[in-house]
Structure formats: C-alpha cells, structure tokens
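In what follows, a structure is listed as structure tokens, so that the remarks can point back to it.
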Amino acid sequence: MLVHDTPDGRAAGRIVEVEAYRGPADRAAHSSGGHRSARNEVMYGPAGHAYVYFVYGMHHCVNVVTQGPGVPEAVLLRALEPLDGLDLMRRRRGLPGAPEWRLCRGPGALCQALGIARGENGADLRRGPLRLVAGPPVPARDVARSPRIGIDYAGPDVARPWRFYVRGVRAVSGRRR
DNA sequence: TGTCCGATTGGT
DNA sequence: CCAATCGGACAG
C-alpha cells in the first residue's frame with residue numbers, strides 16, 4: 001500500500017497496477033542507453049526511494065526505485081484502490097462526487113490524489129510522510145500482465161509484458177483484460 | 001536558442 | 001480523435 005501524510009491529512013491506497021522499467025537495456029525507460037540527468041538522477045540512487053517526474057506539462061508520475069546504486073531500474077505506480085482519505089482525494093482531484101474507483105486510476109491521477117509532486121522526488125519510501133506499507137498478499141492467480149501503456153516510441157520493447165495489475169479491480173487504468 | 005515530444009488525462 | 005501545457009532532450 002502507498003500512504004502519504006500531509007498537513008491536509010492522510011491519503012492511502014492499495015497498489016493495483018504497476019509497470020517495470022528495466023534500466024539501460026530497456027528502450028522505454030528514462031534510463032535507456034544509460035541516459036542520466038538531473039531529471040532521472042534518483043533512478044541511479046539506492047532502492048526504496050521515490051522517483052517522481054513531471055510529464056505533458058501538467059502531470060506527475062511516481063516510481064519506486066528497485067535496484068542498488070548505479071542500476072537505474074524502477075517500477076511505475078499506475079493505479080491505487082483508495083483506502084483512506086477519500087474526501088481529501090476528491091478535493092485534490094477537483095471531482096467532488098467522484099466514485100472511489102476514479103480517484104487514483106492512472107499514474108497522473110494517483111499523484112494528484114495523494115498530493116505527490118516534485119517535492120517528493122527522492123523521498124525514502126521506507127519511512128517518512130510518503131511510504132510503502134505491506135498489505136495483504138495478492139494471490140499470484142489474481143495478477144495479470146500485459147504490455148506497458150504509452151510507450152509506442154520504445155521500438156523492440158513495446159510488446160514486453162511488464163505491466164502488472166490485479167484482475168477484476170475497477171480502479172485499474174487502461175485495458176483490464 | 002529553437003524545435004520536438006512526452007511512462008497522461010478528460011472531453012468530443 | 002484531440003487539446004492542454006511545459007520541461008527535457010537534442011540539433012545547430
């Protein structure tokens with residue numbers, strides 16, 4: 001589960017959709033070809049920290065860095081099933097009467113709902129206001145996989161089935177089967 | 001400096 | 001299908 005405590009309150013959700021980005025050899029990754037810059041610097045740091053970036057001039061996306069220093073791999077968090085702070089999420093999203101499955105569906109939506117932005121880039125997800133917390137295990141049979149979304153530029157890696165999501169969950173973005 | 005385009009979203 | 005919106009990447 002992902003939890004974020006801020007002065008406005010707590011917002012949290014169960015992670016139900018992710019994508020793996022596998023470093024220099026993965027054409028879809030920001031670290032493709034060993035590319036390194038101020039933007040993706042956190043990917044090169046220790047595992048367990050948040051890599052937050054800004055895209056399309058208006059959205060943020062959050063990743064969990066997954067490998068040790070020098071190995072730029074990460075997992076993009078694409079959707080959460082809201083668990084706590086639903087009204088706070090609705091306020092942040094500007095969707096007063098939205099059903100819960102709409103609040104954190106999609107990487108940009110999830111960041112807006114939890115109040116995640118540039119300030120959270122590099123945050124230690126093991127402790128602190130933005131953190132990962134263990135929840136009930138998801139049985140392997142409930143996890144489905146598919147190609148990743150929005151990476152048509154990735155050439156040979158477009159079809160790699162590195163998107164994982166929980167079956168039957170409405171909060172999952174994109175194709176759910 | 002200039003141009004191109006994006007790990008998206010929400011509405012037509 | 002398309003616009004919104006701006007910072008990063010890269011060519012010159």
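Throughout, a chain's letter reflects where its sequence line sits, starting with A, and its residues are numbered from 1. In what follows, every heavy atom counts, from backbone to side chain, and hydrogens, waters and symmetry copies are set aside. Bear in mind that the values here come from a model prediction, so they are computed numbers and not experimental data.
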Check: Is a salt bridge present between Asp5(A) and Arg10(A), judged by a nitrogen-to-oxygen distance below 4.0 Å?
Finding: yes
Next item on the list: Would you mind classifying the nucleic acid contact of Ala109(A) as base, sugar-phosphate or nothing, using non-hydrogen atoms under 4.0 angstrom?
Entry: sugar-phosphate
Checklist line | Counter-base of dA7(B), judged by Watson-Crick or G-U geometry with both distances under 3.5 Å | finding: none
Notebook entry, point to check: Roughly how many Å is it from NE2 in His60(A) to P in dC6(C), rounded to a whole number?
Noted result: 12 Å
Notebook entry, point to check: How long is the line joining CZ of Arg39(A) and P of dC6(C), in whole Å?
Noted result: 16 Å
Check: Can you check whether Arg93(A) has a side-chain N or O nearer than 4.0 Å to OP1 or OP2 of dG10(B)?
Finding: yes
Checklist line | Minimum heavy-atom distance between Gly23(A) and Ala29(A), given as atom pair plus value | finding: O-CB, 3.9 Å
Next item on the list: Take the protein atom CG of Leu103(A) and the nucleotide atom P of dG10(B), then report the distance between them rounded to whole Å.
Entry: 10 Å
Note to self: When both hydrogen-bonding distances must be under 3.5 Å and the geometry is Watson-Crick or G-U wobble, what is dT5(C) paired with, if anything?
What the structure shows: none
Margin query: At 4.0 Å (heavy atoms only), tell me whether Ile151(A) reaches a base, stays on the sugar-phosphate, or touches nothing.
Written below: sugar-phosphate
Item checked: Student check: side-chain heavy atoms of Trp162(A) and Glu19(A) closer than 4.5 Å -> no
Next item on the list: Figure out the CG/P separation between Asp157(A) and dA7(B), and round it to whole Å.
Entry: 14 Å
Next item on the list: With heavy atoms under 4.0 Å as the rule, sort His35(A) into base, sugar-phosphate or nothing.
Entry: sugar-phosphate
Check: Quick one: does Tyr56(A) reach the base of dA4(C) with a side-chain donor-acceptor pair under 3.5 Å?
Finding: no
Item checked: Whole angstrom value for the distance that separates P of dA9(C) from CG of Asn40(A) -> 7 Å
Next item on the list: Using a 4.0 Å heavy-atom cut-off across all strands, classify Arg163(A) as base, sugar-phosphate, or nothing.
Entry: nothing
Note to self: Of the listed nucleotides (dA7(B), dT5(C), dG7(C)), which one gets closest to any side-chain atom of Met58(A)?
What the structure shows: dT5(C)
Notebook entry, point to check: Do any side-chain nitrogens or oxygens of His30(A) fall under 4.0 Å of OP1 or OP2 in dA7(B)?
Noted result: yes
Next item on the list: Can you tell me the distance, in whole Å, between the CZ atom of Phe164(A) and the C1' atom of dA7(B)?
Entry: 15 Å
Next item on the list: For Gly108(A), answer base if it contacts any base atom (sugar-phosphate contacts may also be present), sugar-phosphate if it contacts only those atoms, and nothing otherwise; contact means non-hydrogen atoms under 4.0 Å.
Entry: sugar-phosphate
Check: Roughly, in whole Å, what's the span from OH in Tyr153(A) to P in dC4(B)?
Finding: 20 Å
Note to self: By the 4.0 Å heavy-atom rule, please label Arg78(A) as base, sugar-phosphate, or nothing.
What the structure shows: sugar-phosphate
Notebook entry, point to check: Could you state the interatomic distance from CG (Leu95(A)) to CE (Met89(A)), rounded to the nearest 0.5 Å?
Noted result: 12.5 Å
Checklist line | Gln112(A) side chain to Arg92(A) side chain, donor-acceptor N/O pair below 3.5 angstrom | finding: no
Check: Looking at Arg102(A), does any N or O in its side chain come under 4.0 Å of the phosphate oxygens OP1/OP2 on dT9(B)?
Finding: no
Next item on the list: Test the Arg78(A)-Tyr165(A) pair against the cation-pi criterion, namely NZ or CZ under 6.0 angstrom from the six-membered ring centroid and within 45° of the ring axis.
Entry: no
Note to self: Measure NE2/His59(A) against P/dG6(B) and give the value in whole Å, please.
What the structure shows: 14 Å
Check: Taking the same atom, P, in dC1(C) and in dG6(B), what whole-Å distance lies between them?
Finding: 15 Å
Next item on the list: Find which nucleotide of DNA chain C each of Ser37(A) and Phe54(A) is nearest to by heavy atoms, and output the residue with the more 5' nucleotide.
Entry: Phe54(A)
